[in-house]
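Have a look at the structure below before the remarks.
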Amino acid sequence: MSTVDSELRVGMVGYAFMGAAHSQAWRTVNRVFDLPTRARMALICGRDESKVATAADRLGWDGYTTDWRDLINRDDIDVIDVCTPGDSHAEITIAALAAGKHVLCEKPLANSVDEARAMVAAAAKAQALGVRSMCGFNYRRVPAVTLMRQLVESGRLGVIRHVRAVYLQDWIVDPQFPLVWRLQRDRAGSGALGDIGAHIIDLTQYVTGQRITGVSAITETFVKERPLPAESSGLAASTGNGSVATGEVTVDDAAVFVARLDGGALATYEASRFATGRKNALRVEINGSLGSVVFDLERLNELEFYEASGPTAEQGFNRILVTEGDHPYMSAWWPPGHIIGYEHSFTHEMRDFLEAIATGTDPTPSFADALQVQLVLDAVVRSAELGSSWTEVEPTLVTVAA
Ligand code: SOE
């Protein structure tokens, strides 16, 4: 067990789903992994004092504040964890980096390419002063996904020919589901595309080491008008005369696109919140000249691996149970066969972020990696608006980690 010789005091902005998931990870990371530094859950931030006070108590934070600028200005906060809707990522992150705070920012990085570029520039300036930044594409840190990348990187699949990725949910199939912030472009930037499509864009680029260079896309908003949420409950607001006030849905409900990757692979992507029955169904299949590999989030402890070698009569997709001690991250948890879950990917994310800060290295995915995702999102939107003509992805002006 290494001795912990320092403490990093964390300030987290946001306390909803991602705030809860990150809090679980901050609470757990030093109890599971031997790290040279300890995370202290110092302050959680939210605008509603009653709600954030409750969240601080429930999620295990020492205290709370209602103004994120308070976190930035304090000299007893070292790390800012941004778990807010996308419309505040750039402002909070750029201010935090300028104040010398290490930053973990949830995905997608921003609501636009311009914002993402500004965040990359701020991160580069801060990096020169030893300040670290990372974007929260947590699925990279599912052990089976890391193993998937290792198999591709080692050449076991040969030349990658196809990438086939879907991320499917169904939480807004009911047209009476209220117009929450994720359904408003000015808050979320885009709909299923940026929220869940961003994950499969990052994950497939990470696993293959290839970048998407062009797309042809279609998007759809199936339900264009929804009841306005009541401020407090999130349920439908009333107009007072018995009818329900409604508002326009300004984001995509689903996005489908084909893509070329710079290593020559052809790819298909589908991100939808209208895949009835699919709750959080992410599946990626990679086909290579020597074999294939399949990851399915609903079976996140497993990886299906097909090697086109050996006797034909014995070939088939092998199911690898990714729980051995020499599988990524797994030696810190339980004996082989004792599986882990969705939340563990966030603990792995905090592990790698803390270790990078403590060892003075740059964690991945960097903001530059996240900018590459943002450029693809932008190309998908432009392609869909142009009527699915072929759209080149604007080259990033910064180096992107392979
Ligand atoms: C969407 O509902 C969502 O919460 C995404 O925002 C997360 O990134 C994903 O991990 C789970 O689904």
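Order of appearance sets the numbers: ligands from 1, and atoms from 1 within every ligand. All of these numbers come straight from a predicted model, not from anything done at the bench.
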message = Students often mix this up, so state it plainly: with edges at 30° and 60°, are the rings of Tyr139 and Tyr167 parallel, tilted or perpendicular?
response = perpendicular
request  = Tell me which protein heavy atom sits closest to atom 8 (O) of ligand 1, plus the residue, atom name and distance to 0.1 Å.
outcome  = His199 NE2, 2.7 Å
task = Please report which non-hydrogen protein atom sits nearest to atom 12 (O) of ligand 1, along with the residue it belongs to and the distance in Å to one decimal place.
result = Gln169 NE2, 3.1 Å
inquiry  = Using heavy atoms and a 4.0 Å limit, tell me yes or no: is Arg273 in contact with ligand 1?
reply    = no
task = Please confirm whether the backbone N or O of Gly341 pairs with a side-chain atom of His344, one donor and one acceptor, at under 3.5 Å?
result = yes
ask   = Do ligand 1 and Asn138 have nitrogen or oxygen atoms that lie under 3.5 Å from each other?
value = no
Exercise: do Thr28 and Thr347 side chains pair donor with acceptor under 3.5 Å = no
inquiry  = With the threshold set at under 4.0 angstrom, would you say Glu106 reaches ligand 1 through any of its heavy atoms?
reply    = no
inquiry  = So, applying salt bridge (charged side-chain N to carboxylate O under 4.0 Å, His left out) with Arg273, which one of Asp174, Asp195, Asp170 is it?
reply    = Asp195
message = What protein heavy atom lies closest to atom 4 (O) of ligand 1? Include the residue and the distance to one decimal.
response = Phe17 CE2, 3.2 Å
Tyr167 and ligand 1 - part of the residue with a heavy-atom distance under 4.0 Å = side chain
key: Modelled atom types, side-chain donor and acceptor of Arg185 and Asn111, under 3.5 Å   = no
task = Please state whether the rings of His348 and Tyr329 are parallel, tilted or perpendicular, taking 30° and 60° as the class boundaries.
result = parallel
request  = Taking only heavy atoms of Tyr342 into account, list the atoms of ligand 1 that are under 4.0 Å away from them.
outcome  = 9 (C), 10 (O), 11 (C)
query = Nearest protein heavy-atom contact for atom 1 (C) of ligand 1: which residue, which atom, what distance?
reply = Asp195 OD2, 2.9 Å
inquiry  = As a test of understanding, state which of Asp78, Asp362, Asp352 forms a salt bridge (charged side-chain N to carboxylate O under 4.0 Å, His left out) with Arg132.
reply    = Asp362
